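Only one structure is covered here, and it is reproduced in the block below.
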Amino acid sequence: MFNGTYYIETYGCQMNEHDSEKMAAMLEDLGMAQVWSAEDADVVVINTCSIREKAEHKVYSALGKLKHLKRKNPGMVIAVAGCVAQQGKSGLLAKIRHLDAVVGTHRIGELPEIVRRVQQRGERIEASDFSPDVASLHIPAPRKGRSPVCSYVTIMQGCSNFCSYCVVPYTRGPEQSRPLQEVVVEVEALANSGVREVTLLGQNVNAYGKDLGDGTSFVRLLDELDGVPGLSRIRFTTSHPKDFSEALAERMASLGSVCEHIHLPLQSGSDRVLLAMGRGYTRARYIEKIETLRRKVPGAAITADIIVGFPGETEEDFNQTMLALEEIRFDQIFSFKFSQRPGTRARNLPDQVPDEEKSARLAKVHELQDRITLEYHRDAEGSVYEILIEGIKHESGQVFGRTRTNKIVNVSLSDSVRTGDLTRVKITKGLKHSLFGEFV
Ligand code: SF4
């Protein structure tokens with residue numbers, strides 16, 4: 001048992017957030033207590049993201065700041081986990097002399113042992129080999145997750161798609177699915193402990209089960225999870241358009257707990273760019289899938305990722321993206337400038353778009369999407385939605401929750417509602433990023 005303290009700093013996606021929750025639970029099992037600043041910690045873990053250059057720079061800057069803390073407290077253990085660890089491997093230990101351990105994406109389950117070896121034997125450790133059955137995939141979601149009523153549940157890890165711009169297949173390895181029964185048992189246990197909503201996580205959840213070779217599929221998993229006692233809502237992310245099926249749209253329509261929201265990254269509206277990205281669909285095919293979904297699940301919310309400035313993206317290609325945004329009218333998007341990532345095919349493509357041009361295109365995308373999102377939010381005024389209360393913001397005297405379509409709603413605090421309640425709220429104001437409502 002250790003009696004020390006730990007601090008985890010997390011960068012990147014929900015997978016990383018959830019990995020951090022699991023690492024926190026493992027360190028607490030050792031007897032360690034969480035603190036909220038590196039200054040107060042005996043063990044510091046930087047859980048990293050390398051999807052874009054900017055995210056990677058933030059990691060190096062965070063590590064730089066730890067140097068003087070380590071000088072003041074030489075017993076402090078500093079570990080890097082996640083995608084930067086996976087890519088940097090032993091090179092990180094050579095480059096950053098105050099770093100003690102590099103913990104790759106398949107090896108986070110070994111964190112307690114790694115901390116013990118550093119503390120007791122003063123070793124510097126690199127653990128970053130991929131394994132054919134990722135142990136970390138089987139670590140259950142901790143009870144003390146991001147909220148007492150909402151939990152992430154990993155259903156698979158890795159990706160076998162190799163889109164030309166993306167590091168994930170290199171940092172997380174090939175797709176590996178968790179056995180269906182293991183996921184069901186975990187969700188039942190979470191629901192039993194008070195969790196009302198689970199978000200099933202994977203880089204490409206639509207491919208869930210393919211690698212198991214026993215007929216398991218994502219829709220079968222949803223069939224099994226719908227009706228778990230106590231569980232009100234099931235969300236999932238991320239979906240890949242090429243694998244999105246009519247069967248999934250049908251489940252979203254027919255299974256009571258499956259929420260009417262899908263995150264379906266489009267990335268570009270230009271077929272030429274989609275081909276160069278290796279996405280496996282055209283804009284027309286993507287729109288057909290959206291139409292199927294909207295026909296089967298009226299009112300479903302659709303969100304997406306967009307990349308601007310992919311190498312060779314002309315003004316005309318970019319206009320195609322803008323037209324697609326106008327035509328599809330996503331509820332929300334996450335948009336990024338193309339970033340040259342090591343090891344990816346797109347890194348060395350000719351005709352890289354200058355950064356000022358990427359910034360200008362990104363600003364246009366933001367402006368257009370902000371208008372569309374605000375229109376959706378204004379249209380919601382006067383309508384009544386079911387909200388799951390996720391928590392209380394005491395400083396503003398409000399409770400907050402989300403609609404089934406994943407829109408954040410704030411409501412003035414009421415004595416009669418508790419975190420975890422499913423309640424009906426009338427929207428009184430549609431704002432840029434959220435909705436405001438009153439209980440009905
Ligand atoms: S589907 Fe493409 S973008 Fe998504 S994680 Fe896999 S390789 Fe990356």
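In each ligand, atom 1 is the first atom listed, and ligand 1 is the first ligand listed. This is a predicted model, so every value here is computed, not measured. Sequence positions, counted from 1, serve as the residue numbers for this chain.
In this structure, the side chain of Asp243 does not engage the main chain of Ala207 through any donor-acceptor pair within 3.5 Å. Distance alone, capped at 3.5 Å, is enough to place a donor-acceptor pair between the Lys289 side chain and the Pro241 backbone.
If you check which protein heavy atom lies closest to atom 3 (S) of ligand 1, you get Tyr165 OH, 3.4 Å.
Applying the side-chain hydrogen bond (donor to acceptor under 3.5 Å, both in side chains) definition to pairs two or more places apart or across chains, those involving residues 91-102 are Lys70-Asp100.
Within the protein, the N, O or S atoms sitting under 2.8 Å from atom 2 (Fe) of ligand 1 are Cys163 SG.
With sequence neighbours excluded, the residues satisfying ring-ring contact (aromatic ring centres under 6.0 Å, His included) with Phe334 are His263. Every residue two or more places apart in sequence or in another chain that forms a side-chain hydrogen bond (donor to acceptor under 3.5 Å, both in side chains) with Glu56 is listed here: Arg341.
Using a 4.5 Å heavy-atom threshold, the side chains of Thr344 and Cys166 count as separate.
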